[in-house]
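For reference, the structure discussed in these notes is given below.
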Protein chains: 2
Amino acid sequence: MACYGREEGFVSANSRLTIAAHALAWIGLYQRRGHDVATSEQIAGSANTNPVVIRRLLGELRRAGLVESRRGAGAGWALARELESITLLDVYDAVEPGPLFAMHRATPDQECVVGYGIRPAMQGIYGGIEETLRAELARVTMQDVLQDVLAVPRQ
Amino acid sequence: MACYGREEGFVSANSRLTIAAHALAWIGLYQRRGHDVATSEQIAGSANTNPVVIRRLLGELRRAGLVESRRGAGAGWALARELESITLLDVYDAVEPGPLFAMHRATPDQECVVGYGIRPAMQGIYGGIEETLRAELARVTMQDVLQDVLAVPRQ
DNA sequence: GTGGTCGTAACACTAATCGTTACGACTCAC
DNA sequence: GTGAGTCGTAACGATTAGTGTTACGACCAC
């Protein structure tokens with residue numbers, strides 16, 4: 001590629017949230033510079049990945065109502081909402097389906113006191129922690145992200 | 001502490017934290033009932049997994065100073081610290097090495113404004129969020145976990 | 001029509017975890 | 001000492017998720 005300029009829950013701290021935020025920031029900046037749509041190839045060039053990866057991720061963001069896509073010639077992607085109104089939690093929910101921590105793969109021994117109570121206990125604890133995480137993600141908007149991106153000193 | 005800059009970081013919200021907490025709660029309760037050491041086979045029976053999985057996890061907890069093991073006949077595992085002094089953050093740090101969110105696998109286009117600034121920007125944002133997560137994990141002790149486990153109504 | 005772009009299926013590759021077997025190392029009871 | 005029981009750990013396969021890539025149909029501006 002050219003060098004472009006519950007029972008089971010898996011979260012997988014992968015780069016999906018990072019790439020999705022990258023794509024949104026790129027589209028937002030591109031639109032502010034006067035363009036109407038961005039192509040998956042342009043975004044993939046900036047993120048140094050494959051356009052199909054971008055199309056897959058942006059497809060999930062479209063299902064969440066964050067972006068729109070147009071097909072055909074001169075087509076591409078545009079924001080469906082302002083950067084100010086999109087939080088990292090919106091993006092997280094769009095691209096990360098599972099819970100943060102998973103329970104046992106196989107049901108623990110229900111005859112054992114610990115095996116019986118561990119799942120409800122951990123679910124309660126994890127639930128509270130996940131709520132805190134979501135609140136933190138909701139505090140950051142994509143406008144904040146773009147601002148931080150542009151504030152990085154170019155040395 | 002989280003090390004962000006690396007090329008690939010996988011956390012994988014797997015069940016490692018859950019199983020580790022299960023094992024610690026089991027050992028703690030077993031000791032309170034008058035026994036001195038618990039075997040990996042007993043714990044594996046309660047967690048419905050393989051004793052080797054338990055030994056591997058407890059080995060990481062031992063390296064973190066949370067449990068001790070004895071070999072030989074009549075050997076097994078014992079707590080190295082009281083349940084009250086072990087937090088979920090201690091367990092998390094012992095069994096989950098990577099950061100919560102990963103950066104791009106490949107370096108983004110440094111000629112692009114977004115590609116250049118996105119990593120430092122996201123690292124700052126992720127760092128703050130991860131600190132909050134760690135603070136939440138630190139608020140829960142293994143004694144709290146055991147208490148919650150035993151408080152689950154047996155119907 | 002033609003060309004450019006999305007939409008998506010298909011596949012290979014990588015990485016992490018888990019389950020399992022196997023076996024050596026160790027230590028207690030005798 | 002000997003034997004039995006347990007840990008310590010290597011090795012391997014299976015499973016899962018994500019990523020990168022190719023391919024090709026669908027769609028639309030011109």
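Because the structure is predicted, anything quoted here is derived from the model rather than measured. Order of the sequence lines sets the chain letters (A, B, ...), proteins ahead of strands, with each chain counted from 1.
- Using bins of under 30°, 30° to 60° and over 60° for the plane-to-plane angle, the ring pair A/H35/A/Y30 lands in the parallel bin.
- Here the C1' atom of nucleotide C/dG7 and the CG atom of A/L58 are 12 Å apart, to the nearest Å.
- At the phosphate of C/dG4, neither OP1 nor OP2 sits under 4.0 Å from any side-chain N or O atom of A/T39.
- Side-chain contact of A/H22 with A/S46: a donor-acceptor pair under 3.5 Å is present, judged by distance alone.
- Distance, A/H35 NE2 to C/dT5 P: 13 Å, rounded to whole Å.
- Here the P atom of nucleotide C/dT5 and the CD1 atom of A/I27 are 15 Å apart, to the nearest Å.
- For D/dG8, the OP1/OP2 oxygens have a side-chain nitrogen or oxygen of B/R62 closer than 4.0 Å.
- Within the 4.0 Å cut-off from OP1 or OP2 of D/dC7, not a single side-chain nitrogen or oxygen of B/S69 is found.
- Which of D/dT9, C/dG19, D/dA23 sits closest to the side chain of A/R105 comes down to C/dG19.
- Nearer to the 5' terminus of DNA chain C, by closest-nucleotide assignment, is the contact made by A/R55 (compared with the other of A/A106 and A/R55).
- The 12-atom threshold is exceeded at CD of A/Q110, counting heavy atoms of other residues, nucleotides or ligands nearer than 6.0 Å.
- A sub-4.0 Å separation between OP1 or OP2 of D/dT19 and a side-chain N or O of A/T49 is absent.
- The side chain of B/R71 places no N or O atom within less than 4.0 Å of a non-bridging phosphate oxygen (OP1 or OP2) of C/dT27.
- Atom CG of B/L17 and atom C1' of C/dT17 are 15 Å apart (whole Å).
- Rounded to an integer number of Å, the gap from CD of A/E41 to P of C/dG4 is 11 Å.
- Interatomic distance, CD1 of B/I54 versus CG of B/L61, reported as 10.0 Å (0.5 Å rounding).
- If A/R70 and B/L57 are placed on DNA chain C by their nearest nucleotide, the residue sitting closer to the 5' end is A/R70.
- Taking only side-chain nitrogens and oxygens, B/S40 comes nearer than 4.0 Å to OP1 or OP2 of D/dC7.
- Here the closest non-hydrogen pair linking A/M142 and A/L24 is CE-CB, 3.7 Å.
- Going from atom CG of A/N50 over to atom P of D/dT22 covers 7 Å, rounded to whole Å.
- At distances below 3.5 Å, not a single donor-acceptor pair connects side-chain atoms of A/E84 with backbone N or O atoms of A/Q143.
- Side-chain nitrogen and oxygen atoms of B/N14 include at least one within less than 4.0 Å of the OP1 or OP2 phosphate oxygen of C/dT17.
- Distance from the side chain of A/A73 is smallest to D/dC28 among C/dC6, D/dC28, D/dT9.
- Regarding contacts with the backbone of D/dT19, a side-chain N or O of A/R16 is found under 4.0 angstrom from either OP1 or OP2.
- In this structure, A/D36 places its CG atom 12 Å from P of C/dC6, rounding to the nearest Å.
- Residue B/R56 places none of its side-chain N or O atoms closer than 4.0 Å to OP1 or OP2 of D/dC7.
- Rounded to an integer number of Å, the gap from CD1 of B/I19 to C1' of C/dC18 is 10 Å.
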